[in-house]
Amino acid sequence: MPLYEELAWRGFIENKTSEELPKILANERITAYDGFDPTADSLHVGNLVGIMALVHFQRHGHTPVVLMGGATGMIGDPSGKSKERVLLTTETIDSNVAKQKAQFEHFLDFDSGKALLVNNASWFAPITFIDFLRDVGKHFRLGEMLAKESVKSRMNSDVGISYTEFSYMLLQSYDFLHLHDAHGCTMQIGGSDQWGNITAGIDLIRKLRSAQAYGLTTPLITDSTGQKLGKTAEGENVWLDPKRTSPYKFYQYWVNQPDSDVVRFLKLFTLLEQDEITALEKSVEDEPHARAAQKRLAQVTTEMVHGANGLAAAEKATAIMFGGAIEDVDGETLLDIFADVPSATLAPSWLDDGKIIVDLLVESETAKSRGDARRRVKEGGIYLNNVRVQEEDRAITRGDLVADTAIVIRAGKKNYRVVRFG
RNA sequence: GGGGAGGUUCCCGAGUGGCCAAAGGGGGCAGACUGUAAAUCUGUUGGCGAAGCCUUCGAAGGUUCGAAUCCUUCCCUCCCCA
């Protein structure tokens, strides 16, 4: 399937700046970029749409460019944001850029120029403010800028918009111009909220270089609850860094996708072929309880991000946590399985101090206060080694240890925490 | 620079001297149901405790027996005019 058709089928295309795009992508080898803000030390699931779009470009022989916003990340893009960005320090940004760079290497082949990763700090740092206003600012008309949706919506909100963020579109336009000049980049990919910034860049390239550039926006992916993609039920981001989001949790995030989203996500976040996805779609209709599509989605995405070992660990942990009893597992296996689960360590003597379940919940940070712990026990949402505990003053002793090493706490249906002693 | 409106618990938002740990909604958490789903229903949602106590309504002071509510100064946001 040609690239454009494949992107369309998979659901990557929200809008394009030119009707010529399908033809160009089929007949030419182009360089296309997508920007990523290094506001955290890891990429997260929300970035996957952009990453996978670049992956498809590379698979079809085009050259993808990952633009790290080392400079622009210090400003903050107002597009799609309801409030002003908290500004980060240079050190933090640099460190984030380095860490995200390593993650991109899981997806794209950067060998011998097949893909590029650039940081816009490298071209923004030498420019003075006066030069920038003269050379770039001159080509922007205030009327157009004010008409941009990203600006308008913030102007109409009661947080307003600072001059800093207002200037963002100039910076992003200059990125595009620079990549056009330096790498022959003629295309920018971005989320639908980037439309205004992308077209601004295309205009700048046309004005200054009399050249035609293109833009493609991907839809804002939300889950069935309308929430932005890549948030756990707790509202935390699902990160690609295993230190931030364990492979187990990552796997679980995908397994838990509702029927209404799973096919869409298979298309976007896996490279599975049309035949297999169609078969999985049928399975969702015919035997939804089997959740074959969810399992396959989780399997493929986890392996892609965390490798075969990460997937194996996630699957093993899942089998235990949603399956058998915990008593008949030996200590090593137990700790291995629960390696991905948040844990706490307490001194062995703790068990001899006549503590009760409420103490255990608080000291293992399962509950945020004693009142919270007490309430949750009362509600029947606390399990000790998978056995429900309903007495607030349930004593905790050495007898509760599994395999002489740990206690497994479960809060609610699927939130586990291991407490190790020693 | 001038004028006006505001800043309340996770969010929105009510509350104008005691009946306010603060209405209502949203969100979260838990339970039932279930497919580790959706929808629905129920409970719960500052901290410590048995009662009760402690901390909280942009910040700091002040008035008062008593303040989220009144006064002063400061910080921040929005709107209009210049």
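- Here the C1' atom of nucleotide rG35(B) and the NZ atom of Lys414(A) are 11 Å apart, to the nearest Å.
- The side chain of Lys368(A) places no N or O atom within less than 4.0 Å of a non-bridging phosphate oxygen (OP1 or OP2) of rG28(B).
- Of the side-chain N and O atoms in Arg388(A), one or more sit less than 4.0 angstrom from OP1 or OP2 of rA32(B).
- Under the 6.0 Å cut-off for aromatic ring centres, Tyr174(A) and Phe124(A) qualify, their centroids lying closer than that.
- Close to rU36(B), at under 4.0 Å from its OP1 or OP2, lies no side-chain N or O of Tyr416(A).
- A donor-acceptor contact under 3.5 Å is formed by the side chain of Gln252(A) with the base of rU36(B).
- Side-chain atoms of Asp259(A) lie closest to rG35(B) of the nucleotides rG31(B), rA30(B), rG35(B).
- For the pair Lys101(A) (side chain) and Leu117(A) (backbone), a donor-acceptor distance under 3.5 Å is absent.
- Rounded to whole Å, atom P of rC29(B) lies 12 Å from atom CG of Asp372(A).
- Nearest to the side chain of Arg291(A), among rA50(B), rA30(B), rU36(B), sits rU36(B).
- Among the nucleotides rC29(B), rU44(B), rG35(B), the one closest to the side chain of Arg375(A) is rU44(B).
- For the pair Gln257(A) CD and rA37(B) P, the interatomic distance rounds to 12 Å; values are reported in whole Å.
- Atom CD of Gln294(A) is separated from atom C1' of rG35(B) by 9 Å (rounded to the nearest Å).
- Ring-plane geometry between Tyr33(A) and Phe176(A) is classed as perpendicular, the angle between the planes exceeding 60 degrees on a 0 to 90 degree scale with a lower cut at 30.
- The side chain of Ser369(A) approaches rG47(B) more closely than any other nucleotide in the set rU44(B), rG47(B), rG35(B).
- Of the residues near RNA chain B, Gly371(A) and Val255(A), the one whose nearest nucleotide (by heavy atom distance) lies more toward the 5' end is Val255(A).
- Salt bridge Asp259(A)/Arg291(A): absent, no basic N to carboxylate O contact under 4.0 Å.
- Judged by distance alone, with hydrogens and angles left aside, Glu379(A) brings no side-chain donor or acceptor close enough to the base of rG31(B) to form a pair under 3.5 Å.
- Comparing Tyr383(A) and Pro288(A) along RNA chain B, the residue whose closest nucleotide (by nearest heavy atom) sits nearer the 5' end is Tyr383(A).
- As rounded to whole Å, 13 Å separates atom P of rA37(B) from atom NZ of Lys295(A).
- For the residue pair Gln194(A)/Gln188(A), the side-chain donor-acceptor check at 3.5 Å is not satisfied.
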